[in-house]
Amino acid sequence: MATEGTVLGPFHTHDAPVADCGYVLHEDPDAPKLFVLCSVRDLDGKPVPDVVCDVWEGDAHGFYDVQNPDRDHPDGRAVLRSDQDGVFYFTAVVPVPYPIPMDGPVGAMLNLLNRHPNRPGHIHFMLEKKGYDTLITALYPRGDPYETSDPVFGVKESLIVDFETVDEALSQKYNVPVGTKLLNYDFVLMSDKEARELRGERSKKALQKLGLDLDIVDGLPVPAVD
Ligand SMILES: [Fe+2]
């Protein structure tokens, strides 16, 4: 099954540095580190090389670089590329929860609904390659206090991850200290064709539930005629 997508969120930018795998996402040397080791595969389990992997996250205090009024360069973000084995990796900080801004209409709405503004900690990913359906998603560490009450409803069970620890072998291979927290995840991309077929199938089913027997052609419903 392909990896589920989730919200893009407002903090993606287009000025992240293009970097090699192994890049350290944050400049804060004191932040608790998380080694993120991922692979990208297709629906048949084959590695997908040359995927552009755009990653971004807040800092160890829950703030994105764009929330800093003095920001003069990107921090906490990078654009990497999967290798011949479909693998990409980088060092992040352990994600922490953060409140979404409450000074606008969204804040007023959350107050009226008696909901808190705190998003559970997460790291964002956007994976793109020509011929594949672009995946915009995020990974959420299990056990976050806001895991079940995310104000933007971005958490999905398949995107909740358990951290492991970097062992001796990984430490040697990736030059990361033994004992560093480890996030290991395998993303699965659909081809454009597979995604189009699945959307068509699901749209048709949804229309059938409404009593409409329509075909889906190029993503649009058309009357089924013999
Ligand atoms: Fe976010």
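Whatever order the structure lists ligands and atoms in, that order sets their numbers, starting from 1.
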The number of protein N, O or S atoms lying under 2.8 Å from the Fe ion (ligand 1) is 4
Could you name each residue pair satisfying ring pair (Phe, Tyr, Trp, His ring centres under 6.0 Å) that touches residues 157-199, not counting sequence neighbours? Phe35-Tyr174, Tyr89-Tyr174, Phe125-Phe187, Tyr185-Phe187
Can you pull the salt bridge (charged side-chain N to carboxylate O under 4.0 Å, His left out) pairs that have at least one residue in residues 10-19, sequence neighbours excluded? Asp15-Arg71
What is the distance from atom CG of Asp20 to atom CZ of Arg81, rounded to the nearest 0.5 Å? 11.0 Å
Check whether the ring centres of Tyr98 and His122 lie less than 6.0 Å apart, and answer yes or no. yes
For the CG atom of Leu34 and the NZ atom of Lys181, what is their distance to the nearest 0.5 Å? 8.0 Å
Non-neighbouring partners of Asp186 that pass side chain to side chain donor-acceptor pair (under 3.5 Å), sequence neighbours left out: Ser39
